[in-house]
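Letters A, B, ... mirror the listed sequences (proteins, then strands); counts begin at 1.
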Amino acid sequence: MLRVALSRVRHRFGSLLLVSLAVAAAVAFIAASFTLGDAIRTAVYRETAAQAAQVAARATPSQAPFTDDDVRTLSALPGVTAVQPRIDFATITMVRTDGKVVRVPGQPGFTAFVAPVVPDLSDHELTAGRFPARAGELVVPAELADAQRWRPGAHVRVLDTARGSGAARDFTITGTVEGRIDEGAAGLLPADFSALLQRPDQRGWTALDVAGTVTPDAVATALGPDRASVISGAEYADELASNRLGSSITEIIRGLKLFAWVAVVVALAVAYNAFGIVLAQRQREVALVRCVGAHRGQVFRAVILEAAVVGLVAAACGYVAGQGLAAVATVGLRNAGVAPDSLVVTFSATAVVVALLVGVSVSVLAAVLPAWAATRVPPVRALTDQPELIEDRRVGRVRIGVGAALLAAGAVLAWYAAARHDSWAGIGGGFLVLLALLTLGPVVVGPLVGVVGFPGRLAGAAGRLAAANGARHPRRTAAVTNALTIGIGLTTVMLVGFASLEKTANAQLTGGYPADFTLTSVAATPDGTGHPVLPAGLAAALGRAPELQKPVAVRSHDVERIVAPRGTLGTTVAALAPADLRAHLPSKFVVSGNLRDFGPGSVVVTTKAATDLGGLAAGDTVRVENTALRVAAVVSGGYGSPFGPLTFHPADVERWYGASGPTELLVWGEPGVDPADARAAIDDAIVAMPDVDVNDLAGVLATLESQINGYLAAGGLLIGMALLVAVLGVMITLTLSVLERRREIAVLRALGLTRGQLYTTLTLEGAIMALLAAILGTALGIGLGVAGTFAAFGVQDDLLVAVPVGRILLVLAGAAVIGVLAALPPARRASRTAPVAALGTA
Amino acid sequence: MSESPFPTFDRTSARPDGTRTAPGGAAAVTATDLTKTYGTGATRVSALRGVSLTVPDGQFLAIMGPSGSGKSTLLHCLAGLDTATSGRVEIGDTRLGGLSDGRLTRLRRDAVGFVFQSFNLLPTLSAADNILLPLRLAGRRPDTAWLDRVIDLLGLADRLHHRPSQLSGGQQQRVAVARALITRPRVVFADEPTGNLDSRSGAEVLSLLRASVRELGQTVVMVTHDPRAASYSGRVVFLADGRIVDELTDPTPEVVLDRVGRLEGRAA
């Protein structure tokens, strides 16, 4: 039978094309993800190794940060060539020579890093100029230098935030380094760093890198017992690598791997169905071989062998395609700045082994059940002249039982996942539901085709034929639709997930920042806590700008005790004029009470705060600082609301805590003004006020939208590929099924079915099946999508689920088009066959 | 060859009427009171109603009858492809009734050969591979002398490496006959072997079948509706309405035609 199997593969590869395609696609994804993962890991390790190469030992403090004394102690150790202090976080404000504060849109503030005392110990790569060598010199990221049009030698002033005096020191930019601005906007030498950027009570270093020939133990001893934990350079390299790897790029790789496994499941479904159809066609051959004396086991082994060979060949092609995919992805990731520039696709032995293993396994696994069914072909079939008359066996009870059980289990798991926010349970539930779909397919298909095909009857005899054909062979119809159902189901899950994310984020943002711009102060306050007051005159300056509406002044203050009848709360509250509140809080957010009742002696409470206070309604009384206040209204919102969880009247707050200027200014652009112009007006007003921070709602929304679009694009691309495989699957399976019905079609043509009617019948069949798949997939996708969204993101409060009906309808329409298009080639072929030819014996 | 539990042609001996017997004495095929019914109640169809038949070794038997007479059903039951509702079938000493699928398969491999009307060959294998298929399935190596003799007899020497699509109908049937003969089975069952052939190729195949009986001692049971094809055989049984109604030895086409006419006259 070995010879038989191999000869079949050689000569009949076309009929196994579908299987090969599906397996190759799945293997391509798997190979790509493994190769990419390996390449990234290699690149990161290579880079971090280079960086850590010069470090002999790295000390991190156990208790208090390291001091300059520690630095001197270590420098004096024999074998130490340099000691580099490191700091985790310090803010820096830079002012240009023309007096404007250096700002980057979308970036509230800058952080600084410690420039290397010797170039070898730098954790940023130099791109131009040189590192600072003496006081008054610094380096900046190339991106910032380009934006500000600085070249080495340019001047900039750094604000002395250590003493908060507002004084600034002159600096020369000696060079530029690689790296993102948000990872460090300026590098100063240690002395300048502590002097300017660290408050006296905050001074200290979070790590010390020691270069030279000293051992980690020596460093630990020198620093004193229990003061530090010291690791070697190699260990540091590992730490750096795993930090770098634990970033967004790992997420991308993980996503790709997850998707690769989904592709495997799709391939399994498609291959299983394809094998089923091919073996059904080969019944006479199998019967003949059984007549000639082949055992059932021999038949089974031959089919499995065929599957293995096909899988192997497909896996090889898939691996090559996967390498191509990885190469393309590498270029994309490099250009997006997400991956190190040294990322390059290398040969990964793991990828080859995994690819071949997956390819052969998927193919063989998919062939097992159809192969077993083939062995049950009775030899007498070889003598039957008309195999097409053999009707599809009725769907068994076992299948219904198993399918129902899988569906129930999957649904329960999905519900559990949603309730407990367990992503893995959600994925497990999804798989079970998919399996249930594959199992129950034939059961559900019959009645559903009747429903979906009903309008087809309007298309006359051809339509009636089409509607009847789909229901006649539930197994074959289910085979055609399964892959497409999975593809569309995935697409819908993705659409639902992202629509929900979008809606939630929008709601959060607009709930949190109803104003176009929110200005706050980031100055240091005398007591180190509390809410810094904005500079005097800012409100007036903003009010004068024609592009802006008069700003709303808000004063935030911490209140220790708010006493309500059924609860107490201590939180930050806001105070603003009732007229402003009424003007900018939309009435639809008022849950109870009336904003007109808000005045001195009353308070407006958000729903969250009301709940935390034991349940408050309009008319209740709360006590603050010995004053009884009436709840004028309850509005929806929470602790993120810019009007505070509780809004008081400024007069009351003044009475309790003294007079003060506003801590926030809420600014709206005048209607019809371009957001960019409004922003420019604000920037003008605060040009000499470095402590003022601007939160730009439109900017943040735009960033979020582009992020979501980015994810959508990536996800869409991957799902598009799965859909492509599914579509090809539909096309090839339809072709096979039309071939199977050659004689039947010939009889119809001989009886008077015109070419046009035949075309209509077949394309309608394709459309009906595709629509069926789409409806099933959409229903599944919505259910799983909602459950999945809760599972993955439900930990966030206020998660809103959105079902993008418009987009989903588009997908449904697309599916119908796909069905029609996929049916065209086989329809064309069938209509071209002369009736006589198909009636002739084989 | 030693794995086959059935005797080879060397051990047969001649009978007065030209057929050969096996030393054990059991006939090649013995059927006792076979009945076969399909369906139940109102849709009940009796294809065979008590057919008894003995086919001695070395006989070329033709089973004839009008359509619906049950001749194909009889062949299926004799060959073990279908199970009779009641009655016994034995091939040599082996009773078919209680055999498991594994033993039935071995029987088909070693003791039975098949030639069908059409679709005899695996389309992806060459003629040589098709001929050797039963041996390969059994894991046996071909006896080259025997193989050469069969190929010679059937005139296939220059067609061995062609695939079925490259052979004419007659050539395909000759390859099928060669495959049926290669394992030296106890009996070869042929179901309308010339049904799809033109008269010249058909005559060729039939004379080759007859040659295998006369020169190689093969036993052949053939179902046909063609009186001319039946005339190649040594004995003809006539089936009508599921019963054997007539028998003929050393038939000529005219006598066969005459008997068939009588059958149909009786039916009418």
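- Taken from NE2 in A:H295 to CZ in B:R106, the straight-line distance is 6.0 Å, to the nearest 0.5 Å.
- One N or O on the side chain of B:R108 and one on the backbone of A:R290 form a donor-acceptor pair closer than 3.5 Å.
- Contact between A:V292 and B:P134 at its shortest, heavy atoms only, is CG1-CG, 3.4 Å.
- Between B:L81 and A:C291, the shortest heavy-atom contact is CD2-SG, 3.6 Å.
- Of the inter-residue distances, the one linking A:L288 atom CG with B:F116 atom CZ reads 6.0 Å to the nearest 0.5 angstrom.
- Within the 4.5 angstrom heavy-atom criterion, only backbone atoms of B:L121 (N, CA, C, O) approach chain A.
- A:R296 pairs by the salt bridge (charged side-chain N to carboxylate O under 4.0 Å, His left out) definition with B:D101, not counting sequence neighbours.
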* To do: May I have the step-by-step check of side-chain contact (heavy atoms from CB on, under 4.5 Å) for A:E285 and B:L122, ending in yes or no?
  => CA-CA 7 Å; A:E285 234 179 87; B:L122 289 181; 3.2 Å; yes

